[in-house]
Amino acid sequence: MSRKFYITTPIYYVNARPHIGHAYTTIACDTIARRQRLLGAETFFLTGTDEHGQKIERAALAAGKTPQQYADEISAEFRQLWKRMGISNDDFIRTTEERHKKRVQELFRKLRDNGFIYKGTYTGQYCVSDELYVDGAKPGDPCPTCGRITETVHEENYFFKLSAFQDKLLALYANPEFIRPEARRNEVISFVRSGLRDLSISRSTFSWGIPVPDDPKHVIYVWLDALANYITAIGYGSSHAGAQEAFKKFWPADVQMIGKEIVRFHCVYWPAFLMAAGLQLPKAIVAHGWLLFEESKMSKSRGNIVRTETILDVLGSDALRYFLLREVVFGQDGSFSFDALVQRYNSDLANGLGNLASRTLTMINRYFKGEVPYPSGAASRTAADDAIADTARKTIREFATLFDQFQFSRALEAAWGLVAAVDKYIVENEPWALGEKQDEESRSRLATVLYTAAEALRIATALAHPVIPEATAKIWTQMGLGDIKKLALSELTWGQLRLGTKLGEIQPVFPRADKSAIERMQKMEEEQRNISVADVPAAATPAQTDAPQMVAAVGSPTAAPAEKSDKISIDDFIKVELRVGVVKVAERVPKADKLLRLEVDIGSEVRQVLAGIAEAYAPETLVGRKVVIVANLAPRKLRGLESNGMIVAASLEGGKPVLASFLEDVPVGARLK
Ligand code: MSP
């Protein structure tokens with residue numbers, strides 16, 4: 001019976017379109033899944049979308065859609081993107097699917113029947129963005145994870161007896177394989193050692209979620225709902241025999257890959273839920289770092305995302321996969337830049353593997369009529385050939401060890417060490433010079449050199465396949481080896497390339513990219529960000545476009561009385577989405593006396609807004625202040641910065657602007673109408 005292997009990505013929130021930060025987690029898992037398949041494991045690779053909760057409900061509302069419509073659209077974008085990238089997931093679960101909802105309710109029942117759920121009242125702070133209860137925080141405190149202001153929650157909830165699991169969890173972490181890397185494991189241990197409070201696992205003040213069984217006024221806490229996907233997708237809680245069989249076969253997961261910001265949910269809550277339900281625990285939770293762009297975590301709210309499609313259009317999916325796994329030290333944060341991407345692409349793919357393939361195969365075509373030659377006799381061999389064979393054998397071993405410890409960049413470094421060694425070998429042995437000679441000795445030597453180069457190319461290609469599947473599949477066919485998916489990776493050894501193997505048609509796999517590739521990608525991203533800027537009315541003069549984004553909430557005293565025909569209907573007014581936000585960051589914009597750059601949390605996200613209030617308000621006085629923002633304005637660029645909304649203020653003729661504010665406390669995200 002073959003070994004099974006079950007790997008999962010986190011399921012992606014549908015409040016943001018996919019970007020390369022998301023692609024990073026998926027690519028890492030896809031690579032592992034592909035390697036496991038080649039090693040002969042019966043592999044199940046799961047991904048999907050996380051669609052419930054207050055954050056999604058608010059985002060849908062802000063977009064003027066129902067949560068289901070909204071989730072349908074963005075979930076489809078994830079699914080299509082993975083398809084376009086050739087991601088090899090075996091299933092795609094959506095938390096709004098019936099199969100998931102029913103099975104989550106089963107899990108809830110199980111936890112309740114096992115005595116780990118009770119009813120109580122929760123009063124405390126909640127971060128909607130992270131869907132996280134923030135213990136010990138006071139009203140107005142920021143979330144320790146994302147920095148957004150927490151909201152006060154006072155609700156009757158169901159609680160999970162998390163506190164009962166402290167010792168069991170600590171015992172679990174004694175196994176160093178369970179949480180990786182070590183730094184994350186230490187963080188979790190110290191968090192759990194400091195004491196665990198019971199966890200509220202239902203909400204009753206909004207409805208976008210899975211109803212609690214027998215008490216549908218409550219919806220199940222979105223993290224319990226979401227985490228359960230890892231078992232519901234493979235059949236937990238189903239009454240179908242087939243599903244039960246699948247669950248038995250694949251659970252526990254072998255690898256659950258996550259980003260470092262969701263370690264607590266996966267390493268504390270998740271194993272506790274599983275223990276409480278009497279289920280086995282995953283074998284490893286592996287956390288990667290963040291992809292940074294322009295020095296901070298790439299995310300929608302920071303507005304610094306890079307779309308995967310741009311890179312796919314210009315360089316292809318292999319380029320992105322290779323770059324992310326080679327450039328970022330797994331577990332640590334890594335920076336993305338178009339320059340670095342193109343540089344890596346050219347040096348390692350176009351000039352590295354791609355060039356090795358094309359020069360080796362072209363010479364076999366030219367000098368041996370497209371059939372792999374074989375080293376003929378000891379006389380034609382040198383120590384240099386043996387050195388390449390030794391390097392290749394060592395690389396196979398090293399690659400496996402490093403890769404299986406999730407050290408992708410070092411594994412690739414090892415494989416490309418082989419590519420570099422063969423390149424050097426070719427230069428030193430000058431097959432092109434040997435090819436010009438007709439004597440027996442030169443022909444034999446040429447056969448040995450080209451066989452050695454081709455065999456090393458085959459091994460590098462086989463090892464790299466899970467990382468760059470498209471290009472390696474092409475090289476494999478060009479080498480006349482057929483379908484690379486049939487490769488038995490566990491048996492890969494030096495010397496398997498057969499004499500007389502007929503090459504296929506040779507074509508370059510990684511055409512060189514020049515500077516224009518960088519410019520093209522940057523331009524595509526710029527255009528995406530400015531898409532709605534083009535909609536600024538033609539009448540707007542440059543001066544107007546550069547004007548601070550403000551509207552007068554109180555009419556200007558000198559404004560002419562509105563004509564009857566100027567009146568708008570309530571339907572027109574309702575089109576303007578006014579929301580309460582809280583200022584998180586405020587700073588002056590260099591060389592713009594009137595302008596402040598604000599980051600305003602509007603509940604569903606944090607917006608960058610430029611406001612012409614610098615003469616009236618010192619930036620430090622604004623942080624933590626509630627403001628009113630026009631949330632559905634098309635973005636505009638001011639001084640090279642994108643402004644996503646307007647701050648509402650009274651603009652007094654000749655006087656300084658005065659921000660609209662409230663006497664009573666109002667929740668962030670509340671709509672004005
Ligand atoms: N929905 C939750 C996960 C629930 S799992 C039961 C969630 N979703 S997410 O869409 O915000 O993030 C999903 C994954 O994408 C996480 O692993 C996260 O770390 C990853 N990334 C999102 N942006 C990222 C970067 N900029 N860099 C690297 N990975 C990041 O959390």
Side-chain angles (χ1 to χ4, degrees), residues 7-30 46-56 59 71 74-75 77-78 81-82 87 92-96 100 104 107 127-132 145-146 148 184 209-210 220-233 253 255-271 273-274 282 285-308 320 323-325 327-337 604-605:
I7 180 164
T8 64
T9 72
I11 46 172
Y12 298 93
Y13 281 132
V14 292
N15 69 325
R17 313 210 116 84
H19 55 70
I20 62 169
H22 302 119
Y24 180 52
T25 317
T26 306
I27 287 171
C29 289
D30 185 63
L46 177 70
T47 189
T49 42
D50 186 354
E51 307 183 7
H52 288 132
Q54 206 165 6
K55 163 153 96 172
I56 309 297
I74 298 193
S75 176
E77 282 189 34
F78 274 99
L81 179 64
W82 302 152
I87 298 297
F92 185 100
I93 185 148
R94 300 185 53 188
T95 54
T96 52
H100 174 75
V104 167
L107 176 64
C127 170
V128 175
S129 178
D130 289 320
E131 300 281 13
L132 170 73
T145 310
C146 70
R148 291 179 176 87
R184 301 283 157 242
I210 303 176
I220 296 175
Y221 174 41
V222 64
W223 270 101
L224 172 55
D225 164 351
L227 287 161
N229 92 87
Y230 302 131
I231 52 176
T232 61
V255 172
Q256 300 214 259
M257 181 79 72
I258 56 169
K260 66 178 184 183
E261 78 285 13
I262 50 177
V263 161
R264 185 191 309 176
F265 302 100
H266 284 81
C267 299
V268 183
Y269 301 170
W270 181 224
F273 293 149
L274 289 168
I285 311 269
V286 182
H288 63 68
W290 286 340
L291 212 55
L292 313 177
F293 188 54
E294 294 160 351
E295 278 151 38
S296 53
K297 183 189 177 208
M298 194 176 291
S299 75
K300 183 182 95 169
S301 52
R302 284 194 185 83
N304 65 341
I305 60 159
V306 174
R307 292 158 55 255
T308 312
L320 176 63
F323 175 82
L324 292 178
L325 294 188
E327 194 84 4
V328 181
V329 176
F330 199 78
Q332 295 175 18
D333 292 350
S335 288
F336 176 85
S337 79
S604 51
E605 59 185 294

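Numbering of ligands and ligand atoms starts at 1, following listing order.
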- Message: Using a 4.0 Å cutoff against the non-hydrogen atoms of His22, which atoms of ligand 1 qualify?
- Response: 10 (O), 15 (O), 22 (C)
- Can an N or O of Ile258 be found at a distance shorter than 3.5 Å from an N or O of ligand 1? no
- Message: I need the contact type for Tyr230 against ligand 1. Using non-hydrogen atoms and a strict under-4.0 Å cut-off, is it side chain, backbone, both or neither?
- Response: side chain
- Could you list which atoms of ligand 1 come closer than 4.0 Å to a heavy atom of Pro10? 3 (C), 5 (S), 14 (C), 16 (C), 17 (O)
- Query: For ligand 1, which atoms sit closer than 4.0 Å to a heavy atom of Tyr12?
  - Reply: 10 (O), 13 (C), 14 (C), 15 (O)
- Task: Over all heavy atoms of both residues, which pair between Tyr24 and Leu325 is shortest? Give the atoms and the distance, please.
- Result: CE1-CD2, 4.4 Å
- Query: To the nearest 0.1 Å, how far is atom 17 (O) of ligand 1 from its closest protein heavy atom, and which atom is that?
  - Reply: Gly259 N, 2.9 Å
- Query: For ligand 1, which atoms have a heavy atom of Gly289 less than 4.0 angstrom away?
  - Reply: 28 (C)
- Message: Is any side-chain heavy atom of Arg148 closer than 4.5 Å to one of Asp130?
- Response: no
- Message: For a 4.5 angstrom cut-off between non-hydrogen side-chain atoms, does Phe265 reach Glu131?
- Response: no
- Sorted by first residue and then second, give each salt bridge (charged side-chain N to carboxylate O under 4.0 Å, His left out) pair with at least one member in residues 289-298; sequence neighbours left out. Glu261-Lys297
- Is the shortest heavy-atom distance from the side chain of Thr145 to the side chain of Cys127 under 4.5 Å? no
- Task: Ignoring angles and geometry beyond distance, decide whether Leu227 reaches within less than 3.5 Å of ligand 1 through its nitrogen or oxygen atoms.
- Result: no
- Query: Is any side-chain heavy atom of Pro10 closer than 4.5 Å to a side-chain heavy atom of Ile262?
  - Reply: yes
- Checking heavy atoms under 4.0 Å, the part of His19 that sits near ligand 1 is side chain
- Based purely on interatomic distance, does Ile11 place a nitrogen or oxygen under 3.5 Å from a nitrogen or oxygen of ligand 1? yes
- Do Trp82 and His22 come within less than 4.5 Å of each other through their side chains, counting heavy atoms only? yes
- Query: With respect to atom 26 (N) of ligand 1, which of Met298, Glu261, Lys300, Met257 exhibits the smallest heavy-atom separation?
  - Reply: Met298
- Any N/O of Asp50 closer than 3.5 Å to an N/O of ligand 1? yes
- Message: Check the orientation of Tyr269 and Phe273. Use parallel for under 30°, tilted for 30 to 60°, and perpendicular for over 60°.
- Response: tilted
- Task: Could you list the atoms of ligand 1 found under 4.0 angstrom from a heavy atom of Ala226?
- Result: 6 (C)
- Task: May I have the step-by-step check of ring pair (Phe, Tyr, Trp, His ring centres under 6.0 Å) for Phe336 and His19, ending in yes or no?
- Result: CA-CA 12 Å; Phe336 176 85; His19 55 70; over 10 Å; no
- Go through ligand 1 atom by atom and flag the ones less than 4.0 Å from a non-hydrogen atom of Lys297. 23 (N), 24 (C), 25 (C), 26 (N)
- Should Trp223 and Leu132 count as side-chain neighbours, where that means a heavy-atom distance under 4.5 Å? no
- Just need the protein heavy atom nearest to atom 10 (O) of ligand 1, so name the residue and atom and give the distance. Tyr13 N, 3.1 Å
- Task: Give yes or no for whether the N/O distance cutoff of 3.5 Å, strictly under, is met between His266 and ligand 1.
- Result: no
- Message: Under the rule for salt bridge (Lys or Arg N to Asp or Glu O under 4.0 Å), what residues qualify as partners of Arg184, not counting sequence neighbours?
- Response: Glu187
- Note on the structure: Near Thr25 (heavy-atom distance under 4.0 Å), the atoms of ligand 1 are 14 (C), 15 (O), 17 (O), 20 (C)
- Mark the output for Trp223 as yes if a heavy-atom distance to ligand 1 is under 4.0 Å, and as no if none is. yes
- Query: Between Phe92 and Phe78, does the ring centroid distance fall short of 6.0 Å?
  - Reply: no
- Below 3.5 angstrom, do we get any N/O pair linking Gly21 and ligand 1? yes
- Among Val263, Leu291, Thr95, whose heavy atom sits nearest atom 27 (N) of ligand 1? Leu291
